[in-house]
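For reference, the structure is listed below as structure tokens.
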Amino acid sequence: MDQFHDIRPYNDDEVAGVLQNLVNTPDFIDTIVGFKFTKWPQWTRGFLAYVVKHVLQKEVRKINDVRAFQTQVADYMERMIKTTTSNVEYRGVDKLAKNEGYLFLSNHRDIAMDPAFVNYGLYLNGLDTVRIAIGDNLLRRPFVSDLMRLNKSFIVKRSANGIREMMAAFGQLSDYITHSLTKEHCNIWIAQKEGRAKDGIDQTDPAIIKMFFMSQKKQKIAFPDAMRNLKIVPVSISYEYDPCAFDKARELNEKSTTGSYQKAEFEDIDSIRKGIVGRKGKVIVTFGDVIDHNCATPDEMVAEVDRQIVGKYAIQSTNEAALKMLNGQASGDSVFDEYMATCPEVLRETVLSMYANPLIQKQERGLL
């Protein structure tokens with residue numbers, strides 16, 4: 001029995017059928033039309049949907065397995081990099097061994113682009129791409145779930161109700177991660193905590209580490225040995241510009257002034273779109289060192305992951321400029337000044353803090 005059937009990525013033999021269903025899903029086609037032809041008049045949408053569907057039907061006939069699908073994704077990734085970034089740099093990837101399963105525990109800035117940039121760096125260096133942990137809160141539209149699972153994503157059941165259901169979901173997730181790493185030697189990407197670090201402060205949630213341990217704890221494996229078995233590699237992803245910065249600041253501002261924030265129905269999908277097409281400037285992805293020394297407790301593991309993620313975070317000119325502006329100084333960066341000139345005044349301090357916080361974290365930890 002496939003005990004992971006409801007959360008795992010699609011297998012090769014499922015790809016063709018899922019793609020055929022996708023191109024025959026009006027919601028999927030309409031979303032692509034809205035995404036690619038935003039400025040076209042409404043009356044053209046019907047014709048554009050017909051054309052897009054016809055083109056996609058021809059494209060998907062060539063795709064019969066996950067690798068072929070991801071090769072297609074890599075083509076889109078190359079185009080996106082050329083149009084939305086000034087440069088993408090990978091550090092530490094040369095330390096990784098081929099045919100080894102690593103658990104990449106990453107800081108989190110962008111819903112889709114964080115794992116996408118990690119994946120692209122592995123792909124360029126001849127390493128296996130990752131299985132990506134994605135919360136079921138992002139999968140409210142069925143076609144999004146299909147697309148993600150085609151691209152080697154597995155589902156984290158955040159919407160589980162009640163303690164018993166939640167523990168069962170975490171247990172299944174822990175079993176799946178351990179099985180992927182130790183039995184199949186597949187790479188895994190997961191964020192260091194639930195949700196993006198909208199304030200720019202990178203901190204690992206101890207609950208993530210405890211979830212990792214659940215599977216091996218049942219087998220009476222000691223915590224330090226269990227962590228070594230998972231080959232955890234902290235990853236720091238640094239964007240010169242965050243395409244969703246003003247939206248994140250708006251959410252943080254509303255929470256601080258009213259005590260709560262209610263997301264629009266498809267707000268996460270819109271964040272994914274903005275993250276893909278928005279300006280990013282320079283992007284630097286730094287792979288840390290495998291944590292193979294004795295971390296006796298979850299808190300010790302959290303401390304080591306945080307030390308590496310904060311310590312290896314690549315400081316950008318925007319981080320330095322923002323900190324200067326927070327301190328009442330001139331930024332010394334005319335491009336960042338122009339960028340901040342487009343920021344609503346009510347969000348200004350929140351946005352500056354968001355960009356400055358990675359640098360402040362380094363300073364406070366003495367990691368510069």
Side-chain angles (χ1 to χ4, degrees), residues 31-32 34-39 73 76-90 106-121 132 134-135 137-138 144 147-148 151 189 191 195-202 235-254 261 263-264 266-285 313-322 325 331 333-344 346-359:
T31 300
I32 290 179
F35 185 74
K36 288 185 70 71
F37 305 100
T38 312
K39 296 178 180 177
V73 170
Y76 290 125
M77 191 77 183
E78 285 170 8
R79 270 179 268 166
M80 181 278 298
I81 285 172
K82 285 177 184 172
T83 55
T84 71
T85 73
S86 58
N87 185 29
V88 180
E89 181 182 339
Y90 291 97
S106 169
N107 69 335
H108 196 21
R109 293 289 191 274
D110 188 278
I111 295 169
M113 296 316 303
D114 290 352
F117 277 116
V118 168
N119 246 353
Y120 193 60
I132 302 164
I134 183 167
N137 57 300
L138 301 173
V144 177
L147 273 178
M148 294 296 190
N151 197 35
W189 180 94
R196 292 167 291 168
K198 298 182 181 76
D199 56 5
I201 297 174
D202 297 316
V235 178
S236 293
I237 305 170
S238 166
Y239 297 87
E240 186 178 11
Y241 287 94
D242 183 340
C244 298
F246 296 171
D247 293 333
K248 291 176 182 177
R250 197 169 288 111
E251 178 179 336
L252 292 172
N253 190 57
E254 190 168 323
Y261 176 78
K263 282 186 180 181
F266 297 123
E267 187 170 326
D268 285 329
I269 303 299
D270 192 49
S271 293
I272 290 172
R273 181 190 66 80
K274 285 181 179 176
I276 293 170
V277 303
R279 168 194 179 194
K280 303 167 196 55
K282 185 170 186 176
V283 180
I284 303 172
V285 181
Y313 187 98
I315 294 300
Q316 307 263 14
S317 60
T318 48
N319 305 126
E320 295 171 331
M325 292 174 82
S331 74
D333 185 333
S334 59
V335 177
F336 190 68
D337 288 342
E338 289 172 18
Y339 168 77
M340 286 304 301
T342 67
C343 176
V346 69
L347 304 178
R348 181 179 173 83
E349 188 153 338
T350 306
V351 171
L352 287 176
S353 294
M354 185 190 306
Y355 278 101
N357 276 335
L359 179 52

(request) Considering non-hydrogen atoms only, spot the tightest contact between A322 and Y355 and give its length. (result) CB-CB, 3.5 Å
(message) Ignoring hydrogens, what is the shortest heavy-atom contact between D268 and N137? Give both atom names and the distance.
(response) OD2-ND2, 3.6 Å
(request) Taking the side chain as every heavy atom from C-beta outward, state whether S317 and F336 have any pair of such atoms under 4.5 Å apart. (result) no
(message) Just so I know, are the side chains of R273 and I269 near enough to count as touching, which here means a heavy-atom distance under 4.5 Å?
(response) no
(request) Take F246 and T342 through the side chain to side chain contact (heavy atoms under 4.5 Å, CB included) test and state the conclusion after the steps. (result) CA-CA 10 Å; F246 296 171; T342 67; 3.5 Å; yes
(request) For the pair M340 and R348, evaluate side chain to side chain contact (heavy atoms under 4.5 Å, CB included) and give the outcome as yes or no after the intermediate values. (result) CA-CA 7 Å; M340 286 304 301; R348 181 179 173 83; 4.0 Å; yes
(message) Using side-chain heavy atoms (C-beta onward) and a distance below 4.5 Å, is D247 in contact with K274?
(response) yes
(request) Kindly indicate whether the side chain of E89, heavy atoms from C-beta on, has any atom under 4.5 Å from the side chain of V285. (result) no
(message) Please give me the minimum heavy-atom distance between N357 and G200, naming the atom from each residue.
(response) CB-O, 3.8 Å
(message) Tell me if a side-chain donor or acceptor on T83 pairs with a main-chain N or O of M80 at a distance below 3.5 Å.
(response) yes
(request) Please name the pair of heavy atoms, one in E251 and one in E267, separated by the smallest distance, quoted to 0.1 Å. (result) OE1-OE2, 4.4 Å
(message) Y241: which residues meet the ring-ring contact (aromatic ring centres under 6.0 Å, His included) condition with it, sequence neighbours left out?
(response) Y339
(request) Check for a donor-acceptor pair, side chain of K280 on one end and backbone N or O of G275 on the other, with a separation under 3.5 Å. (result) yes
(message) I'd like to know if the side chain of Q316 reaches the main chain of S238, judged simply by a donor and an acceptor atom lying under 3.5 Å from each other, with no hydrogens or angles considered.
(response) yes
(request) Using distance alone, with no hydrogens and no angle criterion, decide if D337 and S331 have a side-chain donor and acceptor under 3.5 Å apart. (result) yes
(request) Ignoring hydrogens and angles, tell me if any N or O in the side chain of N107 forms a donor-acceptor pair with the backbone of I237 under 3.5 Å. (result) yes
(request) Using distance alone, with no hydrogens and no angle criterion, decide if D114 and Y239 have a side-chain donor and acceptor under 3.5 Å apart. (result) yes
(request) Go through the side-chain N and O atoms of T318 and E240 and say whether any donor and acceptor fall under 3.5 Å apart. (result) no
(request) Taking the side chain as every heavy atom from C-beta outward, state whether F117 and T85 have any atom pair closer than 4.5 Å. (result) yes
(message) Contact between M77 and M113 at the side-chain level, heavy atoms closer than 4.5 Å - yes or no?
(response) yes
(request) Using a strict 4.0 Å threshold on nitrogen-to-oxygen distance, state whether R109 and D242 make a salt bridge. (result) no
(request) Kindly compute the distance separating CD1 (I132) from OG (S106), expressed to the nearest 0.5 Å. (result) 11.0 Å
(message) To the closest 0.5 Å, what do you measure between CG (L252) and OG (S353)?
(response) 9.5 Å
(request) Taking all heavy atoms of S271 and all of I111, pick out the closest pair and write down the distance. (result) CB-CD1, 3.9 Å
(request) Apply the test side chain to side chain contact (heavy atoms under 4.5 Å, CB included) to residues Y120 and I81: give CA-CA distance (whole Å), side-chain angles for both, the deciding distance (0.1 Å), then the verdict. (result) CA-CA 10 Å; Y120 193 60; I81 285 172; 3.4 Å; yes
(request) Could you check if a side-chain atom of N119 sits within less than 4.5 angstrom of a side-chain atom of P115, using non-hydrogen atoms only? (result) no
(request) Give a yes-or-no answer on whether the side chains of S86 and K282 include a donor-acceptor pair shorter than 3.5 Å. (result) no
(request) Could you tell me the separation between the OH atom of Y76 and the CD1 atom of I276, rounded to the nearest 0.5 Å? (result) 11.5 Å
(message) To check you understand the geometry: which heavy-atom pair defines the closest contact between N319 and A314, and what is its length?
(response) OD1-O, 4.2 Å
(request) Can you measure from NZ (K248) to CG (N253) and round to the nearest 0.5 angstrom? (result) 15.5 Å
